[in-house]
Participant: 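Structure provided below as structure tokens; questions to follow.
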Amino acid sequence: MKSIKKSLDIVYRDANSVAAASRPQYYPFAVHSGIGAVLNDADGNSYIDFSAGSASLNTGTCHPRVVEAIKKQAESLISYTTACMYEESSVELAEKLIEISPGAFKKKVAYGLSGSDSIDGAIKFARKYTGRSKIITFQTAYHGSTYGALSASAISLNMRKGIGPMLPGFYHFSYPQCSSCAWKQIPSSCSLSCLEEIKTAFSLYLPPEETAAVIFEPIGGDIGVAVPPKRYVQALHSLCKEHGILFISDEVQQGMGRTGKWFAIEHFDIEPDILAISKALASGMPLSALVMKGEIADSLKAPGHCFTLAANPICCQAALTTIAVIEDERLIEQSVILGEKIKDGLSAIRNVNPMLGETRGLGLTIGQDMVKADGKPDINACAKICYRCWEKGLILTFLHGNVLRIQPPLVIGRKEIDKGLEIIEDALEDYKNGTIPDSVLSFAKGW
């Protein structure tokens, strides 16, 4: 049994000093250091990383080139606000984001510090540009925790209880999640009833001419990695075009090469009006960016969306180096190859262990359902399995009660993947044999 004395002490101190609202609990892992896809806790124990800091570390923990870029920049200028002045790295990064993002039209960039503020910014720009107030989002969507992003989200009662009212003007519709279709349709003959919901709303209570934007996750991440049908996304985009409604792609979790494209919306051959990026943009440093059509960016005047510390040179240099690493190490191509390797490994496990249900995802965003013998979701399985995986040396989390969230760094090695899958298989066997105690559920609450 490994020692976790220091880690447990940190967890205890955390409980007495940090607000509980800031972290869903999985297990008492207190990270201390790491490199690539390997992490070390405060007690010196090592773990394979199948989480990448909630998809924020696509280049892995402490990529040497990113670390060097941060160190070098810190020696000359840590920060001097671009909310009032100018600094070259923020311009260079904007030019690069314009280059790699979809759409050959004129684009501009607006910066922030987190995924949440990028969604707030997208709402502001959309309302200002269109002169409209209403926003369409989706049930089960997670867009962030600031009030605009939270108003757009519809995934957790704990995020909303007792803190209302939310911002007005948000309308939530069914996300196209084929594996749990409310209309019991199958993809091959689907009539897109979920899209008809929006069309019906347009005819009854939601004037399309008053609707500013649709905020859409190209992959429904926190609902359990739901990949929508391409024809739905294209039909939704066409509906937006028909009514002059902006299409906003939330790439906070899936962007920066994770799905096998720079941005997940590219899988659907869509050029969004606004692209919201954060998390992996600067390899975990606090930075967000909106990449949008130039006329949308120009509609909001200063100081409509500026932050004192946004686009500071350390974060911008980290982001520029992150992009260079992804390009030079061909990590987008790797995400496809390694994603298929993980899916193949899970399929092999499923052949001998029917607890594994549907496997979904693109690139290195993968969701693995855990099911009972009757095929229904096994809610306790994920919490116990993730806890046992941590005990055995694998960092893994879960979503939506019964979905394992597999999002390793794009730099993960094949041997690390093999070992991670082996740990998952062993944990499944322990769960099946009843050797993971119910007591772990008092800690492992999850999202």
Participant: Could you tell me which non-hydrogen atom of A318 sits nearest to which non-hydrogen atom of I70, and how far apart they are?
Facilitator: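 A318 and I70 have their closest heavy atoms at CB-CG1, 4.1 Å.
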
Participant: Test your reading of the model: is there a side-chain donor-acceptor pair from E416 to the backbone of G413, 3.5 Å cut-off?
Facilitator: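 Yes.
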
Participant: Which residue pairs pass the salt bridge (charged side-chain N to carboxylate O under 4.0 Å, His left out) test when at least one of the two sits in residues 33-51, sequence neighbours left out?
Facilitator: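 Non-adjacent pairs meeting salt bridge (charged side-chain N to carboxylate O under 4.0 Å, His left out): zero.
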
Participant: For H63, check side chain to side chain donor-acceptor pair (under 3.5 Å) against everything at least two apart and list the hits.
Facilitator: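 Testing H63 for side chain to side chain donor-acceptor pair (under 3.5 Å), a comparison that skips the adjacent residues, returns E329.
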
Participant: Are S114 and P286 packed together at the side-chain level, in the sense that at least one heavy-atom pair is separated by less than 4.5 angstrom?
Facilitator: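 When only atoms from C-beta onward are counted, P286 and S114 do not touch, as no gap falls below 4.5 Å.
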
Participant: Write down the atom of F216, the atom of P228, and the distance for their closest heavy-atom approach.
Facilitator: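 Where F216 meets P228 most closely, the heavy atoms are CZ-CG, 4.0 Å.
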
Participant: Using a 3.5 Å distance criterion without hydrogens, assess whether the side chain of S335 forms a donor-acceptor pair with backbone atoms of G260.
Facilitator: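 The answer is yes, because a donor-acceptor pair under 3.5 Å joins these two groups.
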
Participant: Would you be so kind as to tabulate the donor-acceptor pairs closer than 3.5 Å made by side chains of residues 378-386, with sequence neighbours excluded?
Facilitator:
unit_1: D378; atom_1: OD1; unit_2: A381; atom_2: N; d: 3.3
unit_1: D378; atom_1: OD1; unit_2: Y431; atom_2: OH; d: 3.0
unit_1: D378; atom_1: OD2; unit_2: Y431; atom_2: OH; d: 3.0
unit_1: K384; atom_1: NZ; unit_2: I436; atom_2: O; d: 3.3
unit_1: K384; atom_1: NZ; unit_2: D438; atom_2: OD1; d: 2.4

Participant: Name all residues meeting the ring-ring contact (aromatic ring centres under 6.0 Å, His included) criterion together with F268; count only those two or more places apart in sequence or in a different chain, and write none if there are none.
Facilitator: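 Not a single residue meets the ring-ring contact (aromatic ring centres under 6.0 Å, His included) criterion with F268.
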
Participant: Quick one: is the NZ or CZ of K2 closer than 6.0 Å to the six-membered ring centre of W390, and within 45° of its axis?
Facilitator: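 The answer is yes; both the distance and angle limits are met.
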
Participant: ring-ring contact (aromatic ring centres under 6.0 Å, His included) with F263: which residues, sequence neighbours excluded?
Facilitator: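 Testing F263 for ring-ring contact (aromatic ring centres under 6.0 Å, His included), a comparison that skips the adjacent residues, returns none.
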
Participant: Would you check if the side chain of N58 reaches a backbone N or O of M256 as a donor-acceptor pair within less than 3.5 Å?
Facilitator: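 Yes, N58 side chain to M256 backbone: donor-acceptor pair under 3.5 Å.
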
Participant: Suppose we screen for side chain to side chain donor-acceptor pair (under 3.5 Å). Which residues come up paired with Q253, at least two apart in sequence or across chains?
Facilitator: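 Result, side chain to side chain donor-acceptor pair (under 3.5 Å) vs Q253: D222, R405, Q407.
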
Participant: Looking only at heavy atoms, which two atoms of A235 and L195 are closest? And how far apart?
Facilitator: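 In this case the closest contact between A235 and L195 is CB-CD2, 3.5 Å.
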
Participant: Applying side chain to side chain donor-acceptor pair (under 3.5 Å), can you list everything that pairs with K341, at least two apart in sequence or on another chain?
Facilitator: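 K341 satisfies side chain to side chain donor-acceptor pair (under 3.5 Å) with D418 only.
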
Participant: Say you draw a straight line from CD1 of I423 to CG of L394; how long is it, rounded to the nearest 0.5 Å?
Facilitator: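 Going from the CD1 atom of I423 to the CG atom of L394 covers 5.0 Å.
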
Participant: If you measure from SG on C194 to CD on E197, what distance do you get to the nearest 0.5 Å?
Facilitator: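 Between atom SG of C194 and atom CD of E197 there are 7.5 Å.
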
Participant: Could you tell me whether the side chain of L364 reaches within less than 4.5 Å of the side chain of I342, counting heavy atoms only?
Facilitator: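 When only atoms from C-beta onward are counted, L364 and I342 do touch, with a gap below 4.5 Å.
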
Participant: Counting only heavy atoms not in I78, do more than 12 sit closer than 6.0 Å to its CD1 atom?
Facilitator: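 For I78, atom CD1 is not crowded (no more than 12 foreign heavy atoms under 6.0 Å).
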
Participant: Once rounded to the nearest 0.5 Å, what's the spacing between atom CD1 of I223 and atom OG1 of T140?
Facilitator: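 Rounded to the nearest 0.5 Å, the CD1-OG1 separation comes to 4.0 Å.
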
Participant: Does A19 offer a backbone N or O that forms a donor-acceptor pair with the side chain of S22 under 3.5 Å?
Facilitator: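 Checking the backbone N and O of A19 against the side chain of S22, a donor-acceptor pair under 3.5 Å is found.
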
Participant: Backbone N or O of P28 within a donor-acceptor pair of the S7 side chain at under 3.5 Å?
Facilitator: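 No: the side chain of S7 does not pair with the backbone of P28.
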
Participant: At their closest point, which heavy atom of C240 faces which heavy atom of V214, and how far apart are they?
Facilitator: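 Looking at all heavy atoms of both residues, the shortest contact is SG-CG2, 3.6 Å.
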
Participant: State which residues pass ring-ring contact (aromatic ring centres under 6.0 Å, His included) with F202; sequence neighbours excluded, sorted by chain then number.
Facilitator: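 For F202, the residues satisfying ring-ring contact (aromatic ring centres under 6.0 Å, His included) (neighbours in sequence not counted) are H243.
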
Participant: Tell me, yes or no, whether the heavy-atom count around F443 atom CZ, taken from other residues, nucleotides or ligands under 6.0 Å, exceeds 12.
Facilitator: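 Result for CZ/F443: enclosed.
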
Participant: Would you mind reporting whether S174 and F138 have side-chain heavy atoms less than 4.5 Å apart?
Facilitator: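 Not touching, per the 4.5 Å side-chain cut-off.
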
Participant: With a 4.5 Å heavy-atom cut-off, do S347 and T359 have their side chains touching?
Facilitator: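 The answer is no, as the side chains (C-beta and beyond) never meet within the 4.5 Å cut-off.
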
Participant: Distance-only, no hydrogens or angles: does the K96 side chain make a donor-acceptor pair with backbone N or O of A319 under 3.5 Å?
Facilitator: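 Pair absent, no side-chain N/O of K96 close to backbone of A319.
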
Participant: Can you tell me which residue pairs pass the side chain to side chain donor-acceptor pair (under 3.5 Å) test with a partner in residues 278-288, sequence neighbours excluded?
Facilitator: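 Residue pairs passing side chain to side chain donor-acceptor pair (under 3.5 Å), neighbours aside: T59-S283, D117-S288, S283-T322.
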
Participant: Are I395 and Y27 side-chain neighbours, meaning at least one heavy-atom pair lies under 4.5 Å?
Facilitator: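 Heavy-atom side-chain distance check passes, below 4.5 Å.
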
Participant: What's the spacing between S101 OG and I277 CD1 if we round to 0.5 Å?
Facilitator: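 Answer rounded to 0.5 Å: 6.5 Å.
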
Participant: Decide yes or no for L150 and M166: does some side-chain heavy atom of the first lie under 4.5 Å from some side-chain heavy atom of the second?
Facilitator: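 Counting from C-beta outward, L150 and M166 do come under 4.5 Å.
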
Participant: Side chains of S153 and H143 only: does a donor on one sit below 3.5 Å from an acceptor on the other?
Facilitator: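 Judged by distance alone, the side chains do not pair up.
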
Participant: Might you point out which heavy atoms bring L346 and L356 nearest each other, and give the distance in Å?
Facilitator: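 So the minimum-distance heavy-atom pair works out to O-CD1, 3.5 Å.
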
Participant: Given 3.5 Å as the limit, does a donor-acceptor pair link the side chain of Q368 with the main chain of G357, or not?
Facilitator: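 Indeed, once roles are kept as given, a pair shorter than 3.5 Å links the two residues.
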
Participant: Where the side chain of K124 meets the backbone of G304, is there a donor-acceptor pair that is under 3.5 Å apart?
Facilitator: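 Confirmed, K124 side chain pairs with G304 backbone.
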
Participant: Holding to ring-ring contact (aromatic ring centres under 6.0 Å, His included), I want the full list of residues that pass it with F398, two or more places apart in sequence or in another chain.
Facilitator: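 Testing F398 for ring-ring contact (aromatic ring centres under 6.0 Å, His included), a comparison that skips the adjacent residues, returns Y26.
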
Participant: Measure the acute angle between the ring planes of H237 and F247, then classify it against the limits of 30° and 60° as parallel, tilted or perpendicular.
Facilitator: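 The rings of H237 and F247 stand perpendicular, inter-plane angle above 60°.
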
Participant: For R160 and S151, indicate whether the former's side chain and the latter's backbone hold a donor-acceptor pair under 3.5 Å.
Facilitator: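 Side chain of R160 to backbone of S151, a donor-acceptor pair under 3.5 Å: yes, one is there.
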
Participant: Begin with the C-alpha distance, continue with both residues' side-chain angles, and end with the deciding distance and a verdict on salt bridge (Lys or Arg N to Asp or Glu O under 4.0 Å) for R65 and E68.
Facilitator: CA-CA 5 Å; R65 288 175 62 183; E68 180 59 30; over 6 Å; no

Participant: Taking NZ, NE, NH1 and NH2 as the nitrogens, is one of them in D269 or K230 under 4.0 Å from a carboxylate oxygen of the other?
Facilitator: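 Counted as a salt bridge, because a side-chain N and a carboxylate O are separated by less than 4.0 Å.
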
Participant: With a 4.5 Å heavy-atom cut-off, do L404 and L399 have their side chains touching?
Facilitator: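 Of all side-chain heavy-atom pairs linking L399 with L404, none is under 4.5 Å.
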
Participant: Write down the atom of I406, the atom of P408, and the distance for their closest heavy-atom approach.
Facilitator: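 It is C-CD, 3.6 Å.
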
Participant: Taking CZ in R231 as the centre, count heavy atoms belonging to other residues, nucleotides or ligands within less than 6.0 Å. Is the count above 12?
Facilitator: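 Count over threshold, so yes.
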
Participant: How long is the gap from CG on L236 to CD1 on I198, to the nearest 0.5 Å?
Facilitator: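 If we round to the nearest 0.5 Å, L236:CG and I198:CD1 are 5.5 Å apart.
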
Participant: Could you pull out all residues at least two apart from K261 that satisfy side chain to side chain donor-acceptor pair (under 3.5 Å)?
Facilitator: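 Once residues adjacent in sequence are excluded, K261 has no partner under the side chain to side chain donor-acceptor pair (under 3.5 Å) criterion.
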
Participant: Quick one: are F29 and I4 in side-chain contact, heavy atoms under 4.5 Å?
Facilitator: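 The answer is no, as the side chains (C-beta and beyond) never meet within the 4.5 Å cut-off.
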
Participant: OH/Y387 to CD/E391 distance, rounded to the nearest 0.5 angstrom?
Facilitator: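 Separation between the atoms: 5.5 Å.
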
Participant: Please check if any side-chain donor atom of T365 sits under 3.5 Å from a side-chain acceptor atom of R360, or the reverse.
Facilitator: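 Looking only at side-chain atoms, R360 and T365 do not form any donor-acceptor pair under 3.5 Å.
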
Participant: Count the heavy atoms of every other residue, nucleotide or ligand shown that sit under 6.0 Å from CG of L157, and state whether that count exceeds 12.
Facilitator: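 Incorrect, the count does not exceed 12.
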
Participant: Between H305 and F125, is a ring pair (Phe, Tyr, Trp, His ring centres under 6.0 Å) present by the stated rule, with each step listed?
Facilitator: CA-CA 9 Å; H305 189 72; F125 279 101; 5.8 Å; yes

Participant: Could you give all pairs that pass the salt bridge (charged side-chain N to carboxylate O under 4.0 Å, His left out) test and reach residues 132-157, with sequence neighbours left out?
Facilitator: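 Sorted pair list: K134-E210.
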
Participant: Checking the side chain of Y111 only, and the main-chain atoms of S90 only, is there a donor and an acceptor separated by less than 3.5 Å?
Facilitator: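 The answer is yes, because a donor-acceptor pair under 3.5 Å joins these two groups.
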
Participant: Going by atom types alone, do S193 and S191 pair a side-chain donor with an acceptor below 3.5 Å?
Facilitator: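 Side chains of S193 and S191: pair found under 3.5 Å.
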
Participant: Would you say that more than 12 heavy atoms from the other residues, nucleotides or ligands in this model lie under 6.0 Å from the NZ of K419, or not?
Facilitator: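 Check fails, neighbour count at 12 or below.
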
